[in-house]
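What follows is a set of notes on a single structure, which appears directly below.
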Amino acid sequence: MLLASLNPLSVARGTDIPNAATIDGVTLSRSDVLGAATAVAERIARADRLAVLARPTAATVIAVTGCLIAGVTVVPVPPDSGPAELAHILGDSGAQAWLGEAPPGSELPAIPVRLHARSWHSYPEPADDATAFILYTSGTTGPPKGVLLSRRAIAAGLDSLAQAWQWTADDVLVHGLPLFHVHGLILGVLGALRVGSPLIHTGKPTPQVYAAAGGSLYFGVPTVWSRVVEDPASAQALRSARLLVSGSAPLPVPVFERLAELTGQPPVERYGMSETLITLSTRFDGERRPGWVGLPLAGVQTRLRDERGGQVAHDGEAVGGLEVRAPTLFDGYLNRPDATAQSQTPDGWFITGDVAVIDRDGFHRIVGRASTDLIKSGGYRIGAGEVETALLGHPAVAEVAVVGIADDDLGQRIVGYVVARETVSETDLIEHVATQLSAHKRPREIRFVDSLPRNAMGKVQKRQLG
Ligand code: MLC
Ligand code: AMP
């Protein structure tokens with residue numbers, strides 16, 4: 001049974017699970033996680049916010065769980081963050097220390113996480129509205145914004161997914177997603193601990209390791225599923241799974257269909273954002289329609305609006321900006337009251353920035369993003385502005401426009417259009433971005449041009465690129 005509290009371990013207290021989490025070659029029982037995480041909680045009880053270098057390891061699982069037990073806010077940090085990103089995340093979040101490993105050269109102190117320490121102290125459940133996580137996510141311009149997620153929102157989100165997918169302690173969850181985003185961390189680690197289903201984290205999510213894992217429930221971004229269907233033997237090994245779930249980016253219809261053919265079951269698709277958690281999904285026992293992300297989850301309301309805020313019909317054809325109201329919504333962007341205000345309508349709906357269609361049965365199809373400046377590549381959200389700023393920091397770059405170009409494997413791939421003031425190689429520019437930002441924000445390609453297409457106001461016309 002699922003409890004209303006967030007402490008993910010409070011669900012099945014008393015019943016140990018010998019293989020609660022297997023990650024990076026380490027298998028932890030539920031009591032290992034509880035004992036080690038409570039020992040962490042004892043060390044950090046006076047902290048307010050701690051940064052966790054979120055490698056897919058047992059130490060990360062224990063650090064995060066320890067913070068949830070102690071009521072300390074976690075700031076997950078992508079382990080390959082570049083110096084500019086790292087400085088921004090640490091400065092903006094006000095993290096007081098690293099919990100576990102610190103990156104080389106960091107001035108913040110580090111509090112060790114000991115996998116073999118144990119404590120059985122019992123902590124009171126922190127307040128429901130306490131901030132569990134500050135998740136950094138890209139906007140169209142500027143550095144990433146810190147999304148404040150409460151314990152209440154996360155608990156509501158996980159419980160509604162468990163209901164929609166009939167996810168129980170009898171499942172074995174398999175995924176190989178990063179642990180600094182909603183998908184891999186909140187759904188993929190906290191969800192498993194809360195439901196009590198053993199987790200197998202595969203490391204890099206290749207078709208072969210998914211096939212070998214023998215789970216019942218699999219999570220993947222569309223790039224993972226595209227690669228799975230390119231490897232029919234691995235895909236066929238997933239026939240014994242109960243449910244395959246795709247999310248974080250649009251699943252191409254041909255991949256949906258091929259996956260259904262090879263595995264004997266159509267995947268479940270779900271839609272969400274760092275700011276809203278997962279709001280729409282097809283159901284374990286409901287229709288799974290290729291290209292559509294299903295119905296609102298428990299407590300979620302959705303509507304479509306046109307550019308002037310007028311109603312758009314839910315008739316399966318009219319396209320509008322998707323707005324949501326949900327118990328899973330974030331509590332704003334840290335230190336950004338301007339951006340927080342802009343993300344909501346005056347009557348309190350969250351503006352997703354996605355454009356969608358809703359049919360008469362309430363089924364949703366995501367048509368795309370309203371802005372070309374948010375790119376989804378391999379399921380990662382990347383702001384064009386952040387990559388442009390990094391490129392403009394190179395002395396040879398006079399002007400730049402970064403766009404996402406359709407890509408069969410990644411959904412979109414990052415391409416930088418550059419007007420150079422002196423000769424420079426594509427590799428030098430890509431490497432320059434890599435010194436500033438995480439690996440997945442590097443452009444895959446640089447296209448040198450004499451000028452960028454601009455309108456009469458001088459604004460770059462990105463839709464003419466690509
Ligand atoms: C990448 N590489 C490059 C490069 N970009 N090399 C040169 N130039 C570039 N521009 C390198 C990589 O470092 C890697 O090297 C190799 O090329 C292959 O890279 P890749 O094609 O990116 O593949 P891979 O590394 O396998 O990554 C694919 C992936 C990954 C699907 C595993 O993109 C991924 O983990 N995505 C998940 C994102 C996610 O979790 N999003 C959820 C957001 S939450 P090497 O040496 O390492 O092989 C959210 C809410 C919701 O959206 O709804 O869930
Ligand atoms: P992120 O902030 O990384 O959480 O990215 C959220 C964005 O991912 C959403 O605004 C959508 O654009 C996109 N997204 C997530 N899930 C889906 C999906 N199933 N189909 C289409 N787009 C999706």
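One-based numbering along the sequence shown. Order of appearance sets the numbers: ligands from 1, and atoms from 1 within every ligand.
In terms of protein heavy atoms, atom 8 (N) of ligand 1 is closest to I430 CG2, 3.9 Å. Nearest protein neighbour of atom 37 (C) of ligand 1, counting heavy atoms only, is G378 O, 3.3 Å. When hydrogens are left out, the protein atom nearest atom 13 (O) of ligand 1 is R442 NH2, 3.0 Å; that is the closest non-hydrogen contact. Remark: minimum distance from atom 30 (C) of ligand 1 to any protein heavy atom is reached at Y380 CE1, 3.8 Å. With respect to atom 52 (O) of ligand 1, the closest heavy atom belonging to the protein is K376 NZ, 2.9 Å. If you check which protein heavy atom lies closest to atom 49 (C) of ligand 1, you get S248 OG, 3.6 Å. Nearest protein heavy-atom neighbour of atom 39 (C) of ligand 1: G379 O, 3.9 Å. In this structure, atom 10 (N) of ligand 1 lies nearest to the protein heavy atom P443 O, 2.7 Å.
Ligand 1 lies less than 4.0 angstrom from a heavy atom belonging to R270. Taking a 4.0 Å cut-off on heavy atoms, H440 fails to register as neighbouring ligand 1. Ligand 1 has P178 within reach: a non-hydrogen atom of the residue lies less than 4.0 Å from it. Residue contacts with ligand 1 leave out G247, since none of its heavy atoms falls under 4.0 Å from the ligand.
Heavy-atom contacts of H183 reach the following atoms of ligand 1: 42 (C), 44 (S), 54 (O) (cutoff under 4.0 Å). In the vicinity of K204, heavy-atom distances shorter than 4.0 Å reach the ligand 1 atoms 24 (P), 25 (O), 26 (O), 48 (O). Annotation for ligand 1: atoms under 4.0 Å from non-hydrogen atoms of G272 are 53 (O). Listed by number with element, the atoms of ligand 1 under 4.0 angstrom from any heavy atom of H181 are 43 (C), 44 (S).
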Passes side-chain hydrogen bond (donor to acceptor under 3.5 Å, both in side chains), E323 versus T352? Steps please.
-> CA-CA 6 Å; E323 299 181 355; T352 64; over 6 Å; no
Just do the side-chain hydrogen bond (donor to acceptor under 3.5 Å, both in side chains) check on D171 and S216 with the steps written out, would you?
-> CA-CA 6 Å; D171 279 307; S216 66; 2.7 Å; yes
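Every protein residue with a heavy atom nearer than 4.0 Å to ligand 2 is included here: T137, S248, A249, P250, R270, Y271, G272, M273, S274, V293, D354, I366, R369, K376, R381.
Geometric assessment of R283 against the ring of W165 yields a negative cation-pi assignment under the 6.0 Å and 45° thresholds.
Not a single donor-acceptor pair under 3.5 Å links the side chain of S106 to the backbone N or O of A102. At least one donor-acceptor pair closer than 3.5 Å links the side chain of R381 to the backbone N or O of S138.
At a threshold of 4.5 Å between non-hydrogen side-chain atoms, the residues H181 and P78 do not count as touching. Within the 4.5 Å cutoff, no side-chain heavy atoms of T131 are placed close to those of L149.
Contacts between P205 and ligand 1 below 4.0 angstrom, taking non-hydrogen atoms only, involve the side chain exclusively. Of the heavy atoms in R227, only side-chain atoms (C-beta onward) come closer than 4.0 Å to ligand 1. Here R413 has no heavy atoms under 4.0 Å from ligand 1, in either its backbone or its side chain.
For atom 33 (O) of ligand 1, the nearest protein heavy atom lies under 4.0 Å away. Within the 4.0 angstrom cut-off, atom 16 (C) of ligand 1 has no protein heavy-atom neighbours. Distance check on atom 46 (O) of ligand 1: every protein heavy atom falls at or beyond the 4.0 Å cut-off.
Distance OG1/T60 to CG/D24: 9.0 Å, rounded to 0.5 Å. Separation of atoms CG (L295) and NE2 (H364) is listed at 8.0 Å; rounding is to 0.5 Å.
Of the N or O atoms in R444, one or more lie within a sub-3.5 Å distance of an N or O in ligand 1.
Among residue pairs with one or both ends in residues 387-399, those qualifying as side-chain hydrogen bond (donor to acceptor under 3.5 Å, both in side chains) are E388-K462, E399-R454; sequence neighbours excluded.
In this structure, W167 and F219 have perpendicular ring planes: the angle between them is above 60°, well past the 30° mark. Ring geometry for F363 versus W292: interplanar angle of 30 to 60°, hence tilted.
Heavy atoms only, all atoms of each residue included: E422 and P395 are closest at OE1-O, 4.2 Å.
Between the side chains of Y333 and D338, no donor-acceptor pair of N or O atoms lies under 3.5 Å.
With sequence neighbours left out, R413 forms a side-chain hydrogen bond (donor to acceptor under 3.5 Å, both in side chains) with D407, E445. Under the rule for a ring-ring contact (aromatic ring centres under 6.0 Å, His included), the partners of Y136 that lie at least two apart in sequence or sit in another chain are H88.
Taking the ring centroids of F448 and Y417, they lie at or beyond the 6.0 Å cut-off.
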